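Here's the structure we're looking at; comments come further down.
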Amino acid sequence: MEAVLKNLASTAELLAVAAQSDAVEQWDKQTLTRAFHWARYCEHVFNRFHNNPATRRIMEKQLQLTNQSLRGAFPGYTEISFSDLSRCQHLLLVGLLNNPDLPCSILKILFDSPVNTKQSEYQDVTGLCSHIIQCKSACKVLSPLTGLSAVGADAEVQGVMLMERLVALLSQGSEASRTEHFLDSVLQGCEGEAEHFCQVIAAALLTTKTSAAQTASQDFLLDWLQNKHSELQHMCSALHTTLLTDLAKNHLKFRDAYCGVLKKWASDMKYSISDGEWVQTNTNQTVSFQRLTEHFLALFEACPALREDVEKELNALKISDGDFDVRGLSVWGDLLSALNN
């Protein structure tokens, strides 16, 4: 029992360091994996002894002593109770995400997609997200999400993690450049998994806002995304229209940016006489004229008030092309016809 009590005290200290100490700047993957190992150990201790009143009292006394010591070492320290041991991995994860001194190298590991990880094994931290998904009702890591049927479970968890980190960085007065660097690092870490990254961004933006800090974080994420033109265009072509329209309904900035992307795709189309159709020449070879029309119609259905303004703009563009009603002379005229058929 003495060894178990010592391990409980050490893990409580570990959680405090993870959340509030600049010592995390020195952490590497091995340190991170070891930290989650001890967090899992405490969860096992809870599962084994929470129905044993005598042993539980001894452990609660040890935690009280440890909490008293940590309050003196870390201003604003949040005490750890015995019941908190049941969600120790979650507390460790949230503590790390809220620590502004956490290095980008550790963030990349935390945001690494666990797609290829066996969900029954947690020996590597990349299995953490799968584990959290399995016990999310117990540890309450996920905020309520809307319209995410097209987003995978991993992306849902990582979207919430992304928002946790943005809230922490912005709430603690970090410079905008530092927060942008964090997002750039996550983007670089998702090379080769661009579609998954788009789903993570969508999940983050669709996480229910429960505070002004979360609203500000989503607004910052939208501004960053708008400045990443190629990523925004890829997101609009990669995600299901259901997700895109949900984003448009929830965020005016995204709606305007999405509409801008659609008009950009149209402006880059040329009429192919051999195909008898408008085709992409520059930006996105995968978006056909029919697909472009479907995007617009889905957006109009989700945001009915937008239709009149967009059609006025398309009509003005058609007039600037000569106001011809002959198919193949103006992409704007043919797009208007397709939208109103």
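In what follows, every heavy atom counts, from backbone to side chain, and hydrogens, waters and symmetry copies are set aside. Not measured: the values here are computed from a predicted model.
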Trace of the side chain to side chain contact (heavy atoms under 4.5 Å, CB included) decision for Leu247 with Tyr258: CA-CA 9 Å; Leu247 289 167; Tyr258 179 30; over 6 Å; no
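Sorted by first and then second residue, the ring-ring contact (aromatic ring centres under 6.0 Å, His included) pairs involving residues 301-341 (not counting sequence neighbours) form an empty list. Listed by first then second residue, pairs satisfying side-chain hydrogen bond (donor to acceptor under 3.5 Å, both in side chains) with a partner in residues 4-24 read Asn7-Tyr41, not counting sequence neighbours. Under the side-chain hydrogen bond (donor to acceptor under 3.5 Å, both in side chains) criterion, no residue pair touches residues 94-104, with sequence neighbours excluded. Applying the ring-ring contact (aromatic ring centres under 6.0 Å, His included) test to every pair with at least one member in residues 54-85, sequence neighbours left out, gives these pairs: Phe46-Phe82.
With hydrogens and angles ignored, the 3.5 Å screen pairs a side-chain donor or acceptor of Gln218 with a backbone N or O of Ala204. A donor-acceptor contact shorter than 3.5 Å is absent between the side chain of Arg307 and the backbone of Phe300. Put simply, the side chain of Thr281 gets close to the backbone of Asp268: a donor and an acceptor are under 3.5 Å apart. Although no hydrogens or angles enter the test, the distance criterion places no donor-acceptor pair under 3.5 Å between the side chain of Thr55 and the main chain of Asn52. Using modelled atom types, no side-chain atom of Asp219 and backbone atom of Thr215 make a donor-acceptor pair closer than 3.5 Å. Side-chain atoms of Ser267 come within 3.5 Å of backbone N or O of Lys264 as a donor-acceptor pair.
Residue Leu244 holds its CG atom at 12.0 Å from NZ of Lys249, rounded to the nearest 0.5 Å. Remark: Asp309 CG to Cys303 SG distance equals 11.5 Å, nearest 0.5 Å. Atom CG of Asn250 sits about 10.5 Å away from atom OG1 of Thr207, to the nearest 0.5 Å. We find the OG-CD distance between Ser81 and Gln64 to be 10.5 Å, quoted to the nearest 0.5 Å. The structure places CG of Leu262 at 6.0 Å from CH2 of Trp265, a figure rounded to the nearest 0.5 Å.
Legend: residues meeting side-chain contact (heavy atoms from CB on, under 4.5 Å) with Ala213, ordered by chain and number and at least two apart, are Val167, Ser171, Ser211. Qualifying salt bridge (Lys or Arg N to Asp or Glu O under 4.0 Å) partners for Lys61, counting only residues two or more places apart in sequence or in other chains: none. Partners of His251 by ring pair (Phe, Tyr, Trp, His ring centres under 6.0 Å), not counting sequence neighbours: none found. Under the salt bridge (Lys or Arg N to Asp or Glu O under 4.0 Å) criterion, Lys263 pairs with Glu313, not counting sequence neighbours. Annotation: salt bridge (Lys or Arg N to Asp or Glu O under 4.0 Å) contacts of Asp256 (sequence neighbours excluded): none. The salt bridge (Lys or Arg N to Asp or Glu O under 4.0 Å) test applied to Arg291 returns Glu294, not counting sequence neighbours.
Here the closest heavy-atom approach between residue Leu162 and residue Leu183 is recorded as CD1-CD2, 3.8 Å.
Shown here is Glu60, whose CD atom has more than 12 heavy atoms of other residues, nucleotides or ligands within 6.0 Å.
Members clustered with Val279: none, using a 4.5 Å side-chain heavy-atom cutoff among hydrophobic residues.
Using modelled atom types and a 3.5 Å distance limit, the side chains of Asp334 and Ser337 yield no donor-acceptor pair. Ser237 and Gln233 are not linked by any side-chain donor-acceptor pair at a separation below 3.5 angstrom, with hydrogens and angles left out of the test. A side-chain donor-acceptor contact under 3.5 Å links His196 and Gln158.
Put simply, Leu221 and Leu252 are part of two different groups of oily side chains (I, L, V, M, F, W, Y) that touch within less than 4.5 Å, one to the next. Val17 and Leu65 sit in two unconnected hydrophobic clusters of ILVMFWY residues. Membership requires side-chain heavy atoms under 4.5 Å apart, directly or through other members.
For the pair Glu79/Asp84, no side-chain contact is recorded, criterion being any heavy-atom separation below 4.5 Å from C-beta on. Under the 4.5 Å side-chain criterion, counting only non-hydrogen atoms from C-beta, His229 is not in contact with Val261. Side-chain contact between Ile80 and Leu8 is absent, with no heavy atoms from C-beta onward closer than 4.5 Å. The shortest distance between side-chain heavy atoms of His234 and Cys198 falls below 4.5 Å. Under the 4.5 Å side-chain criterion, counting only non-hydrogen atoms from C-beta, Gln30 is in contact with Arg34.
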List the atom pairs, with distances to 0.1 Å, where a side-chain N or O of residues 314-322 and a protein N or O form a donor-acceptor pair under 3.5 Å, not counting sequence neighbours.
residue: Lys318; atom: NZ; partner: Asp325; partner atom: OD1; Å: 2.5
residue: Ser320; atom: OG; partner: Leu317; partner atom: O; Å: 2.6
residue: Asp321; atom: OD2; partner: Ser330; partner atom: OG; Å: 3.0

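Tested against Leu297 for a side chain to side chain contact (heavy atoms under 4.5 Å, CB included), the candidates Thr241, Leu339, Leu292 yield a single pass: Leu339.
The pair Arg48-Glu43 does not count as a salt bridge, with every side-chain nitrogen at least 4.0 angstrom from each carboxylate oxygen.
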